[in-house]
Amino acid sequence: MWIDTHCHLDAPEFDVDRDAVREQARASGVDLCVLPAVQRRDWPGVQALAARHGDAYALGIHPLYVPQANDEDLAALDQALSACRDDPRRVAVGEIGLDFFVPELCTPEMRERQWHFYLQQLYLARKHGLPVILHVRRSADLLLKGLRQVGVCGGIAHAFNGSAQQAQAFIQLGFALGFGGAMTFERATALRALAARLPLEALVLETDAPDIPPHWIYRTAEDRARGHAQGRNTPAELPRIAQVLAGLRGLSAQALAQATTANARRVLPGLERLT
Ligand SMILES: [Zn+2]
């Protein structure tokens with residue numbers, strides 16, 4: 001079996017055929033998806049979606065949604081996490097983190113605001129005894145600083161694309177690193193080297209659907225200028241993405257499935273009850 005540890009199945013891109021997309025993923029061997037929420041108004045929808053398909057969810061405020069968020073949303077997150085305390089599908093706080101790639105999020109004010117929401121959500125994760133699902137974009141060192149400051153019980157650094165040293169630091173704090181579509185591009189040599197050399201125990205798989213399409217779906221700017229729409233990534237791509245990782249590591253798909261499933265259950269212990 002495969003677990004897609006990061007899939008935005010609630011995204012508007014799936015409005016027309018969401019149930020069919022989930023069924024297609026199941027048919028291709030993806031038994032379980034973890035659905036991270038990105039903003040307060042999406043939490044009930046993500047919870048309902050996970051219930052409908054037997055999946056897991058995380059509640060949180062994504063750094064790209066920090067400009068619109070306010071402190072009331074943090075209080076609401078605290079309440080929402082309490083309200084679903086007995087829901088076995090609640091497995092993490094997420095998606096939270098820091099994004100220092102998007103220019104509008106890099107002003108001194110926005111950096112500080114992102115830091116505030118990140119830190120407060122770490123405190124909530126600690127309070128509720130939950131791991132976290134982290135968005136890491138040019139922000140690994142500061143994310144690590146927050147983790148050391150607050151002390152949470154691990155989680156996943158999603159779409160990891162940092163250095164080997166940063167990877168090691170996350171691993172030491174009880175994190176697994178999420179690998180997905182970005183690793184399928186041959187030009188991603190540093191990322192592929194990491195995927196090949198990190199300890200197997202540190203790896204989990206993800207699609208980040210509908211984002212980060214693997215190379216076989218991705219359309220270049222040139223293709224798009226010629227009228228080919230950007231392909232839509234879906235959780236059904238996970239086994240093929242996994243095949244790339246299996247190839248990089250010289251493992252069978254079965255061995256990789258076993259290892260990454262065990263890893264996902266270790267860093268998101270709530271998954272044990274769902275699989
Ligand atoms: Zn995401």
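Atom set for the values below is all heavy atoms of this structure, side chains included, hydrogens, waters and symmetry mates excluded. Both counts, for ligands and for their atoms, begin at 1 and track the order of listing.
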Original post:
Looking at L74 and L124, what are the two nearest heavy atoms and their distance?
Top reply: O-CD1, 3.6 Å
**OP:** Could you walk me through whether F160 and L134 pass side-chain contact (heavy atoms from CB on, under 4.5 Å), step by step?
**Re:** CA-CA 9 Å; F160 185 77; L134 295 181; over 6 Å; no
Original post:
Would you call Q149 and Y123 a side-chain contact if the rule is heavy atoms closer than 4.5 Å?
Top reply: yes
**OP:** Give every protein N, O or S atom lying under 2.8 Å from the Zn ion (ligand 1), naming each by residue and atom.
**Re:** H6 NE2, H8 NE2, E95 OE1
Original post:
Any chance the side chains of D223 and T220 put a donor and an acceptor closer than 3.5 Å?
Top reply: yes
**OP:** Check whether the side chains of H62 and D99 place a donor and an acceptor atom closer than 3.5 Å, and report yes or no.
**Re:** no
**OP:** Please write out which residues are connected to Y218 in a hydrophobic cluster, directly or through intermediates, given that two of Ile, Leu, Val, Met, Phe, Trp, Tyr count as joined at side-chain heavy-atom separations below 4.5 angstrom.
**Re:** F185
